[in-house]
2 protein chains.
Amino acid sequence: MATGRTHRPATRSRGIPEATVARLPLYLRALTALSERSVPTVSSEELAAAAGVNSAKLRKDFSYLGSYGTRGVGYDVEYLVYQISRELGLTQDWPVVIVGIGNLGAALANYGGFASRGFRVAALIDADPAMAGKPVAGIPVQHTDELEKIVQDEGVSIGVIATPAGAAQQVCERLVAAGVTSILNFAPTVLSVPDGVDVRKVDLSIELQILAFHEQRKAGELAAAGTAASHQEPAVSRRSAAVDQVPVADQGPDGDVPAVMPT
Amino acid sequence: MATGRTHRPATRSRGIPEATVARLPLYLRALTALSERSVPTVSSEELAAAAGVNSAKLRKDFSYLGSYGTRGVGYDVEYLVYQISRELGLTQDWPVVIVGIGNLGAALANYGGFASRGFRVAALIDADPAMAGKPVAGIPVQHTDELEKIVQDEGVSIGVIATPAGAAQQVCERLVAAGVTSILNFAPTVLSVPDGVDVRKVDLSIELQILAFHEQRKAGELAAAGTAASHQEPAVSRRSAAVDQVPVADQGPDGDVPAVMPT
DNA sequence: GGGTGTGAACATCTTCACAGCA
DNA sequence: TGCTGTGAAGATGTTCACACCC
């Protein structure tokens, strides 16, 4: 089945493009800042600048949510904050568990951006018995043995994996079996999950590699244009170039994740 | 040809699509794993599975690099590793500095994925004098005062910002002024940079928010389709749904970033 | 005038399907 | 026969430009 896109949008509001969804948090952040400064309204131009996108894109994005602006005036900040929050599902409480409390897991546990957006760190889980009971960010670390119980008791549907690559798939399977349906994966591995489970991944080194690609390109612009791109002086003067990459952060094609056996 | 009107995007001379560039690190990771298992050749189908994409996409991606495969056989693993590495610019050494050695900065400093791909942590920098000299991941932390000197002496062109949001823009400006032309930003702020400087960003809470959106959608499928989406039982049975988000990780040009106050 | 909302043009990305080569 | 490489179709995303309303 993998029905794919044979879905029927009961109401047309269900057709928000992925690219738009991915930008909503950006708008929300900018709006929250405006809200804290008690700015009552904002134009698409201003908000777009604050969010780092262009205004046409922003207006188009908002048009998918409905008509929340006022022509000639702009958008009501508070109202928009509410609408976007609701659309993203942030008006409800999302208990999350973080598995793998190394440096990264600890950083995530301490990250303030979660709590302020409806995410509550329900538990920290680590395989190391020595960690058990040790508080991180004020929350005692629990042993992996408790994973299933925690997920079920707390009604956790979102799990964060910050384990080493080797442990990620197994942790993922246990999370899913216990009821988790969304996973944020920091381990450098492709996770295979059943249909209906969302995976997003963040790979720190991938981002750096993309930067390196463009960096190399900038340097290459000065000399070689063909194939010989082997040497480059790091201290090259900065050349102008359009800045506009975008992508990455995908996982899970839509139907067929085979038995991957990664690192 | 070019684009006779507005300014020309970065996708020029060499013409590898951004989406493809963003996947090259994925392929590289999968290939490296195969290489370590001494697998000599691999088909597009197998490699695609290991990288978590579909084979048509992979073949198309590789076609932009050149014809490195053999019909009826597949791709030579070692050769592909080399070609992709070269394309990404990973055959050279990239000294990077990490600014902001909190939990996250420490996690980055310890992250093994860097060194193995040509990235060398040239220095760790923090504004806290108490951190100065303290070793993290075997590297002594240096004070922000040294920033310019370090960047110049080491020929650093890639900087990683892991400071609180409030400090990010200033750090960014100092990095750029000192010669950095690529920045990986973990602070939840839009950085404004001059032309020619690349910024990629990773926002942990954004990824979670995107997951929350889809999570809410799954739950909503069961009952309400209209506006009332306030209550939901977290322990909903998993329903099948198309899993296929994608994007995010852009950072626009546009200057003018208001004084965003972090969380 | 000012600024939203949006159809239509354009650009990019993905998938299909098959020609062509080992 | 098996699998790559790729033109062409299709889907998604972005930008333009202007109607329309405050």
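The sequence lines fix the lettering, A, B, ..., with proteins before strands; numbering per chain opens at 1.
Regarding A/Asp61, its CG atom lies at a distance of 13 Å from the C1' atom of C/dT6, rounded to whole Å. The separation between B/Tyr64 atom OH and D/dT6 atom C1' is 9 Å, rounded to whole Å. Note: CD (B/Glu45) to P (D/dG5) measures 14 Å, nearest angstrom. In this structure, B/Phe62 places its CZ atom 14 Å from C1' of D/dC3, rounding to the nearest Å. Taking atom CG of A/Asp76 as the reference point, atom C1' of C/dG3 lies 15 Å away to the nearest angstrom. A straight line from CD of A/Glu18 to C1' of C/dT12 spans 17 Å, rounded to a whole angstrom. The CD1 atom of A/Ile16 sits 21 Å away from the P atom of D/dA11 (whole-angstrom rounding). The NZ atom of B/Lys57 sits 19 Å away from the P atom of D/dT6 (whole-angstrom rounding).
Looking only at side-chain heavy atoms (C-beta outward), B/Glu18 and A/His214 come within less than 4.5 Å of each other. Side-chain atoms of A/Arg117 and B/Leu208, non-hydrogen and from C-beta on, never get closer than 4.5 Å to each other. Looking at B/Leu211 and A/Phe119, their side chains never come closer than 4.5 Å, going by heavy atoms from C-beta outward.
For A/Arg23, taking side-chain heavy atoms from C-beta onward, the closest of the listed nucleotides C/dT6, D/dT14, D/dG13 is D/dT14. Closest approach to the B/Ala19 side chain among C/dC13, D/dG13, C/dG5 is made by C/dC13 (side chain taken as heavy atoms from C-beta onward). In this structure, of C/dT15, D/dG5, C/dT14, it is D/dG5 that holds the atom nearest to the side chain of B/Arg59.
Both A/Val73 and A/Lys60 lie close to DNA chain C; mapped to their nearest nucleotides by heavy-atom distance, the more 5′-ward contact belongs to A/Val73. Between B/Gly72 and A/Tyr68, it is A/Tyr68 whose nearest contact on DNA chain C lies nearer the 5' terminus.
Among the protein residues, A/Tyr75 comes within range of the sugar-phosphate backbone only, with heavy atoms under 4.0 Å from sugar or phosphate atoms but none that close to a base.
Side-chain contact of B/Gln169 with B/Glu173: a donor-acceptor pair under 3.5 Å is present, judged by distance alone.
Using a 4.0 Å cut-off, some side-chain N or O of B/Asn54 falls inside it from OP1 or OP2 of C/dT15. Here B/Ser44 reaches the OP1 or OP2 of D/dT4: one of its side-chain N or O atoms lies under 4.0 Å away.
Within 3.5 Å, no donor on the side chain of B/Arg71 pairs with an acceptor on the base of D/dG2, nor the reverse.
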- Message: The test is side-chain hydrogen bond (donor to acceptor under 3.5 Å, both in side chains); show your working for A/Ser205 and A/Gln209 and say whether it passes.
- Response: CA-CA 6 Å; A/Ser205 92; A/Gln209 289 173 64; 3.1 Å; yes

